[in-house]
Each structure stands twice: as C-alpha cells, then as structure tokens.
Asker: 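What follows is a single structure, and I will ask about it in a moment.
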Amino acid sequence: MFWASYLLAVLAIVLAWPVPILLSRAQWPARSPFTAMVLWQAIALAGGLSMIGAMLVYGLEPIGDNLLAGLRSLAGMVLYNAPTTALGFWHIFALSAAALLTAHLVFTLLLTYYKIERQRRRHRELLALLASPSAEGAGTLVINHDSPVAYCLPGGARSVTVLSDGLMAALEPAELRAVLIHENAHLSQRHHLLLWAFAAWRQALPWLPTTRLAQESVNSLIEMLADDVALRTESKATLIKAIAIVASGSPGAARDAELQSGGPGLALAGIDSAAGTSGSDSARTTASRVSRLLSPQPQLPSPVRSLVLASCVLLLALPTALLVVPGLLG
C-alpha cells in the first residue's frame, strides 16, 4: 500500500505535466486523429484515477494491507465510531482530499451537463421561432443571417444541423454537401459527449496543464475526424474552400450562435458553451485543419497505431491494478 501510493502519485504527476505537453506538440495526431483521441481519453482517465488513488491509498495505509481491507476498516470507523487513533493527521488529510476531489469532479461534470442542456433547450426554442426547414433534408434548419454560419445542435432524435442564409448563398452545391456531411459526422460520432467531458475536466481543474491542452487538442481532433468523413465523398479542394468560406464569416455572429447551441461547428473548431474555447484557439484549429488538407501525410502504420492503443490499455490498467489488486506491493 505504501509503495502503491507513491507509484500512483508519480504516475499522476507524469500524466499531468510532461505527457500532455509532449503529446500536444507532437505532429502524428493529425495523421491518426482517432488514435490520438483515444490516447487523450486514456491520459485523462488514468491521470484522474492516479491522482485520487494516490491520496486514497496513502490515507488507508495504516489500517489495511490493501484497498478493500482499508475501506472496510474506514467504514467501521465512520459507521460504528471505531477508534481512529491508527490514522495520523496526514492520513486523514489525504482521505479528505481524495473525497473532496472526487465529489468536485463528479459535481462539475453534472453541472457542466446541466448548463449545456439548458442552453441547448433555450436554443431549440429560439430555432422554433426563427428557423425554417431546409430543402437540404430532414434535420436541417436555416436561419436568416448574412454571415456564413454552420453548426449542429445535438439532442438525440431532435438533433439538427443549422445553416445560415449567408452560408447557403456563398457555397456551391458540393461545398454545401461537404459542410452537411461534416456536421452530421459530429452528430453520428457523438463528439458533443467528448466536448462535455473535457470541458468539465478543464472547469474542475483549470490550473492543471493537462486539462487545457487536452481540451484544445480534442476540439481540433474532432474537426479532423469530421473532415475525414466529408473527404470520403467530397474532394479536398471542395472541403478546403468550404472551410475558408465559413471561417471568413463574422466571428462574433458565428460565435454567438455556437455558444447558444453548445455544439460543434465547422469553422469554429467545435466551440461548446461550456468549453470556453477562445477565438484564437478556433483560428489555430482552422489553420491546422487547412494545413492538414493542403499537405496530407500518410496515416500512422498499423503496428504503430496498435502500439499506441496498447499503451492506452496499459495506462488504464496500471493505476487500476495498483488500486484493486490485494497486496500487490505489500
């Protein structure tokens, strides 16, 4: 238990600082955005588990040889007023910190979800008054706005893609198809769930470099994934022109629409109402997407992708093993 707590602490520090910095600076994620997305999720989950687990295991070390035994002893102290003399000040402090951090993360996750859903509900009410059905197909609405704006509003069976008059007037048919395919990819791949999770993580721990770098990277990666779907049927030139036209719209108007929707958009790099993504981050994401399309690189070789995915499994398995395997390290 003693050594497990220190190993978990070291793992938490590594996943909170050097690993996300190195990954955010790497070039390969643009070549395999799905693999990179899985790795970011593994880093976030393993980092949080290690952070909480290190404090929990250290706090329980005097009253149990493993996590389960320690939890049973702690439950006896809490429920049956058993003596707590075995726990020193720092052990009680670590247990309290673990409980508070867990509660804080869960509460922030739920609060972020509530805020996003409230804004989406309000935006649906506005769309019911101001938008009209599009001839482009079911689930597509048009708003009367001169600036080129495109975004999707997640909501299960009520999900819609919203386009502006200005966008439809500026795009050729093939470019409009690329935009619609891109937005529908966000919905079908449920990118809004990733945005919600990483936005909540950043709000819960804004001082942690991992949270900012992860959110920015995830915003960029989901746009690349949606671009790849659009490229299955449309040409790169068509998609690049569509991105440029949407990005040339009024930033303020487009941002307002996105912030109300809480959903990812083509030009604004998946801005979510809870994400707090800045305009400069959106511009960087748009630039990276265009650069990726103009200078395409081959996908990572299959063995390399398999190695990265195996590393993701190992990242999740290591803190889990340190926590739950009875007497793993004494």
Side-chain angles (χ1 to χ4, degrees), residues 14-47 152 178 181-199 201-202 209-240 242-243 264-272 275 277 281-318:
V14 170
L15 295 178
W17 194 268
V19 169
I21 290 177
L22 291 174
L23 182 57
S24 66
R25 295 175 179 175
Q27 300 298 317
W28 70 262
R31 298 171 59 186
S32 295
F34 175 79
T35 305
M37 182 76 75
V38 174
L39 181 56
W40 274 114
Q41 293 177 73
I43 291 172
L45 291 172
C152 57
I181 294 171
H182 179 105
E183 297 302 330
N184 288 333
H186 283 312
L187 295 174
S188 63
Q189 296 182 8
R190 300 186 182 278
H191 291 160
H192 55 284
L193 298 180
L194 290 169
L195 292 175
W196 160 47
F198 281 93
W201 194 29
R202 182 174 183 179
T210 312
T211 62
R212 176 182 58 83
L213 295 173
Q215 187 188 29
E216 292 173 358
S217 297
V218 167
N219 284 344
S220 180
L221 290 171
I222 65 171
E223 296 302 321
M224 294 179 184
L225 287 170
D227 285 343
D228 289 343
V229 175
L231 288 175
R232 294 174 187 172
T233 56
E234 305 300 331
S235 68
K236 290 180 182 179
T238 297
L239 182 57
I240 291 172
I243 293 173
L266 178 63
L268 297 181
I271 290 181
D272 187 275
T277 307
D281 292 339
S282 301
R284 283 196 297 269
T285 296
T286 301
S288 65
R289 290 169 61 201
V290 173
S291 175
R292 176 176 181 258
L293 294 171
L294 288 174
S295 302
Q297 298 293 323
Q299 191 178 47
L300 286 180
S302 180
V304 177
R305 282 182 279 128
S306 298
L307 180 61
V308 175
L309 294 176
S311 301
C312 295
V313 175
L314 181 62
L315 273 179
L316 294 174
L318 182 57

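No hydrogens, no waters, no symmetry mates; every other heavy atom, side chains included, goes into these values. Keep in mind that what you see is a predicted model, and the values were worked out from it rather than measured.
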Asker: Check whether Ser288 reaches the backbone of Thr285 with its side chain - one donor and one acceptor, N or O, closer than 3.5 Å.
Answerer: yes

Asker: Between the side chain of Ser220 and the main-chain N/O of Ser217, is any donor-acceptor distance below 3.5 Å?
Answerer: no

Asker: Flag the pair Arg305 / Phe34 as yes when at least one side-chain heavy-atom distance between them is below 4.5 Å, and no otherwise.
Answerer: no

Asker: What's the separation between atom CG in Leu195 and atom CD1 in Ile222, rounded to the nearest 0.5 Å?
Answerer: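 With rounding to 0.5 Å, CG (Leu195) is 4.0 Å from CD1 (Ile222).
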
Asker: If I take atom CD from residue Gln215 and atom CG from residue Leu213, how far apart are they, to the nearest 0.5 angstrom?
Answerer: 10.5 Å

Asker: Which value, rounded to the nearest 0.5 Å, describes the distance between Trp201 atom CH2 and Trp40 atom CH2?
Answerer: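 Spacing of CH2 (Trp201) from CH2 (Trp40) equals 7.5 Å.
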
Asker: Listed by chain and number, what are the side-chain hydrogen bond (donor to acceptor under 3.5 Å, both in side chains) partners of Gln189, not counting sequence neighbours?
Answerer: His191

Asker: Do Leu221 and Pro29 come close enough that some side-chain heavy atom pair is under 4.5 Å?
Answerer: yes

Asker: Does the side chain of Pro33 come within less than 4.5 Å of Arg292's, by heavy atoms?
Answerer: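 Yes, their side chains come closer than 4.5 Å.
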
Asker: Please name the pair of heavy atoms, one in Ala230 and one in Ile181, separated by the smallest distance, quoted to 0.1 Å.
Answerer: CA-CG2, 3.6 Å

Asker: Start with the C-alpha distance between Asp227 and Arg232, add both sets of side-chain angles, then the distance that settles salt bridge (Lys or Arg N to Asp or Glu O under 4.0 Å), and finish with yes or no.
Answerer: CA-CA 9 Å; Asp227 285 343; Arg232 294 174 187 172; over 6 Å; no

Asker: Is any side-chain heavy atom of Val38 closer than 4.5 Å to one of Val308?
Answerer: no

Asker: Got Glu223 and His186 here, is their nearest side-chain heavy-atom distance under 4.5 Å?
Answerer: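 Touching, per the 4.5 Å side-chain cut-off.
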
Asker: Roughly how far, to the nearest 0.5 Å, is the OG atom of Ser32 from the CG atom of Leu309?
Answerer: 9.5 Å

Asker: Could you work out, with side chain to side chain contact (heavy atoms under 4.5 Å, CB included) as the rule, every residue matching Leu314, not counting sequence neighbours?
Answerer: none

Asker: Which value, rounded to the nearest 0.5 Å, describes the distance between Asp228 atom CG and His182 atom NE2?
Answerer: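 Atom-to-atom, Asp228:CG and His182:NE2 are 10.5 Å apart.
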
Asker: Could I get the full list of side chain to side chain contact (heavy atoms under 4.5 Å, CB included) partners for Arg212, not counting sequence neighbours?
Answerer: Arg202, Glu216

Asker: Please name all residues satisfying salt bridge (Lys or Arg N to Asp or Glu O under 4.0 Å) with Arg31, sequence neighbours left out, ordered by chain then number.
Answerer: none

Asker: Side-chain atoms of residues 15-26: list all donor-acceptor pairs with protein atoms under 3.5 Å, sequence neighbours left out, distances to 0.1 Å.
Answerer:
| residue | atom | partner | partner atom | Å |
| --- | --- | --- | --- | --- |
| Ser24 | OG | Pro20 | O | 3.1 |
| Ser24 | OG | Ile21 | O | 2.8 |

Asker: The test is side-chain contact (heavy atoms from CB on, under 4.5 Å); show your working for Thr35 and Trp28 and say whether it passes.
Answerer: CA-CA 10 Å; Thr35 305; Trp28 70 262; 4.2 Å; yes

Asker: Considering only heavy atoms from C-beta outward, does the side chain of Leu293 approach that of Leu231 to under 4.5 Å?
Answerer: yes

Asker: With sequence neighbours left out, write down each residue that passes side-chain hydrogen bond (donor to acceptor under 3.5 Å, both in side chains) with Thr238, or none if nothing qualifies.
Answerer: Ser235

Asker: Is the closest side-chain heavy-atom distance between Met37 and Leu194 below 4.5 Å?
Answerer: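 SC-SC contact between Met37 and Leu194 confirmed.
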
Asker: Is Glu234 close to Leu239 at the side-chain level, that is, under 4.5 Å between some pair of heavy atoms?
Answerer: no

